[in-house]
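A short worksheet on the structure shown next.
Since this is a predicted model, take the numbers as computed values, not measurements.
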Amino acid sequence: MASSELTSSPPPRPPRPNLAFRQLRGQRSPAEFAAAVRRAAREIGERVSCDARYVGRVEAGEIRCPNYAYERVFLHMFPGRTLTDLGFAPRSSVRGRRARTDEDTPPMHTMIPAHASSETRGTREPYDPLNPQDPYDPNDPNDPFGTQQNHQNHEIHEESDVLRRAFMTGGGATVAAASLSPLGLAFDAAAAERPVRRVGGREADALEEAVRRIRLLDDRHGADGLYRRAATPLRAAYALLDAGTTRQAVGDRLHSGAGELAISVGWLAHDSGRFDDARSHYAEALATARMAGDAALEAHAFCNTSFLARDAGRPREAVRAAQAAQRVARPLGSPRLMSLLALREAGGWAGLADRTGCEQALVRAQALFERGHSDADPEWMSFYGEAELEVLEAQCWSTLGNWQRAARHAGRAAQLQDPHFTRNIALYTAELADDLARGGRPDEAAAAGMRVLDLLDQVQSSRVQTMLAGTARVLLPHRRASGVSAFLERHASAPRTA
């Protein structure tokens, strides 16, 4: 048989438990320690999606060296210690990595086979050809996957050694997993020649990591440059489901990961104005949730469906979807999740011009938010903080026509937002500019609009551009007011997202 002629590589060494890291955790549970990691990240302006599973993988030795974001957080938590003191292997010793120096220019977003002995800048692997029909341009400075975003991609596209090995297993499932590579997950092209096997925990890890990376890229750059690249990983995720697994726990993770990825891709479509595509992706996630009996995923799908319905001009559907999400989410025990869902309901009531219903939902959202974080908070809710609460309330008052109150909340949102996440700052400031313009304060609106224009070289978001275009139309009759003419001229000359 042909398979007997293949030379098999030696099996990977079993991971060595990280006892030093386990000792640093002390008496805290993995979930409690993960919450402490997320708090430390916020203190230094980082955003990490740490949960109990990640802590368990570190302590089991599966993550031999953390990526740079986690490294900064861990060193902040334990000042005076090095990665080695925390039980990690030196970065230079981990396969596929090298130590980063101040002189380094991080490698480009290039798919490197696991056995490559050197890194060649600008190369593309034969399984990732440059398609002349693909609108993606690797040299486009506005595309977050392009070569101009090297530093961000270097941090975002690092993977642990166990994740790399996950894509060195054989069969159709692994070929599907290879399709996640546009988002930076490594793949050994020779894997397709190896014997078929069912998918396992490593593929589930890779799928969950793909979801995290999409969210991080969206936070930093906006949806427009991402959506056209995200369909491939989604197809790969559902191919993994079709491949099957012998373990129920892995199957549950694959269903949850595929559903979350469908929601993430749906959000990219939603945020870039492709409402029909978004509705389809959210419906797919909802079906996946119900097939798997996953209440958390179902609540998330209903949450985004409500938000989409509001934006698409279907406010009654927004209310009903938000209420359905609350019924599903109530047993999950997360006040912050219930707070966000109440805000989704408030947005629907505002669209129906029902001020009383909106105010009641806003009061409920605020009270739930003030209960604080909980171990039951879903990982995907890392974006939901005080700034998001303020801007969602601003949007409600804007819909109800109370521009002064809307501008007050939008201004707070822009001030509170972590400066690390440019897309949200642009979005919140665009909301502020529009509320100020409609509230009869054209000079202040123009100044806020200028701040948004300053950010558009870093952010690709049709939502932001649409809001800014609406503000410009409102300001046209006020072009003689201070700063308005300069804003209108600059806005007219600004490039538009294709």
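- Atom-to-atom distance recorded for Leu341:CG and Leu368:CG is 9.5 Å, nearest 0.5 angstrom.
- Taking the side chain to side chain donor-acceptor pair (under 3.5 Å) definition, one finds that Ser280 meets it with nothing, sequence neighbours left out.
- For Asp311, the salt bridge (Lys or Arg N to Asp or Glu O under 4.0 Å) partners are Arg463, not counting sequence neighbours.
- Arg16 contributes atom CZ, which lies 9.5 Å from atom CZ of Arg64 (distance to the nearest 0.5 angstrom).
- Every residue two or more places apart in sequence or in another chain that forms a salt bridge (Lys or Arg N to Asp or Glu O under 4.0 Å) with Glu298 is listed here: Arg290.
- Atom CZ of Phe302 sits about 14.5 Å away from atom CZ of Arg344, to the nearest 0.5 Å.
- A pairwise comparison of heavy atoms in Val48 and Ala41 identifies CG2-CB, 3.7 Å as the closest pair.
- For Glu431, the salt bridge (Lys or Arg N to Asp or Glu O under 4.0 Å) criterion is met by no residue, not counting sequence neighbours.
- Taking a cutoff of 4.0 Å between a charged side-chain nitrogen and a carboxylate oxygen, Glu386 and Arg412 do not qualify as a salt bridge.
- A side chain to side chain contact (heavy atoms under 4.5 Å, CB included) with Tyr428 is found for one member of Glu390, Glu388, His409, Arg423 and no other, namely Glu388.
- Within the 4.5 Å cutoff, the side chain of Cys50 has no heavy atoms near those of the Phe33 side chain.
- Applying the side chain to side chain donor-acceptor pair (under 3.5 Å) rule to His76 yields the partners Glu43; only residues at least two apart in sequence or on another chain are considered.
- Rounding to the nearest 0.5 Å gives a distance of 10.0 Å between CG of Leu297 and CE of Met291.
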For this session: Starting from the C-alpha separation in whole Å, work towards a yes-or-no answer on side-chain contact (heavy atoms from CB on, under 4.5 Å) for Thr305 and Leu286.
Result: CA-CA 9 Å; Thr305 299; Leu286 185 58; 5.6 Å; no
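- Contact record, Ala278 with Gly266: CB-O, 3.3 Å, taken as the closest heavy-atom pair.
- With sequence neighbours excluded, no residue forms a side chain to side chain donor-acceptor pair (under 3.5 Å) with Arg38.
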Problem set entry | Steps toward side-chain contact (heavy atoms from CB on, under 4.5 Å) verdict (Ile63, Phe21) | CA-CA 11 Å; Ile63 297 177; Phe21 198 87; over 6 Å; no
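- Here the side chains of Thr288 and Asp294 are not in contact, with every heavy-atom distance at 4.5 Å or above.
- Counting heavy atoms from C-beta outward, Pro90 and Cys65 have side chains that stay 4.5 Å or more apart.
- In this structure Gln366 satisfies the side chain to side chain donor-acceptor pair (under 3.5 Å) test together with Glu370, sequence neighbours excluded.
- Qualifying side-chain contact (heavy atoms from CB on, under 4.5 Å) partners for Pro378, counting only residues two or more places apart in sequence or in other chains: Ser334, Leu337, Trp380, Met381.
- A 4.5 Å side-chain heavy-atom check between Leu432 and Arg451 finds at least one atom pair inside the cut-off.
- Considering every non-hydrogen atom in both Glu379 and Ser49, the closest pair reads OE2-CB, 2.9 Å.
- Contact record, Ala285 with Gly259: CB-O, 3.5 Å, taken as the closest heavy-atom pair.
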Exercise. Could you walk me through whether His270 and Asn304 pass the side-chain contact (heavy atoms from CB on, under 4.5 Å) check?
Worked result: CA-CA 9 Å; His270 179 176; Asn304 279 44; 5.6 Å; no
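- Taking the six-membered ring where tryptophan is involved, the planes of Phe369 and Tyr384 are perpendicular, since the angle between them exceeds 60° and thus also 30°.
- Within a 6.0 Å sphere centred on CD of Glu32, heavy atoms belonging to other residues, nucleotides or ligands number more than 12.
- Between Phe74 and Phe78, the distance from one ring center to the other does not fall under 6.0 angstrom.
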Problem set entry | Working for side-chain contact (heavy atoms from CB on, under 4.5 Å), residues Glu345 and Arg364 | CA-CA 10 Å; Glu345 182 183 340; Arg364 194 164 70 250; 2.7 Å; yes
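- In terms of the side-chain contact (heavy atoms from CB on, under 4.5 Å) criterion, residue partners of Arg22 (sequence neighbours excluded) are, by chain and number, Arg25, Glu59.
- Contact of the Ile44 side chain with the Arg72 side chain is registered, since non-hydrogen atoms from C-beta on lie closer than 4.5 Å.
- Here the straight-line distance linking atom CG of Asp271 with atom CG of Leu308 works out to 11.5 Å at 0.5 Å rounding.
- Counting only heavy atoms from C-beta outward, the side chains of Arg81 and Leu24 approach each other to under 4.5 Å.
- Here the closest heavy-atom approach between residue Asp454 and residue Gln458 is recorded as O-NE2, 4.5 Å.
- Among all heavy-atom pairs drawn from Ser374 and Gly333, the shortest one is OG-O, 3.5 Å.
- The side-chain contact (heavy atoms from CB on, under 4.5 Å) search around Ala287 returns none, not counting sequence neighbours.
- Here the two rings, on Tyr282 and Phe307, have centers that are 6.0 Å apart or farther.
- The side-chain contact (heavy atoms from CB on, under 4.5 Å) search around Ala36 returns Arg28, Arg39, Met77, not counting sequence neighbours.
- Note that the CG atom of Leu389 and the OG atom of Ser339 stand 5.5 Å from one another [nearest 0.5 Å].
- When side chains are defined from C-beta on, Ile425 counts as touching Thr429, because their heavy atoms get closer than 4.5 Å.
- The salt bridge (Lys or Arg N to Asp or Glu O under 4.0 Å) check on Asp51 picks up Arg212, with sequence neighbours excluded.
- Judged by distance alone, the side chain of Asn18 and the main-chain N or O of Leu86 form a donor-acceptor pair under 3.5 Å.
- The shortest side-chain heavy-atom distance between Val55 and Val58 does not fall under the 4.5 Å cut-off.
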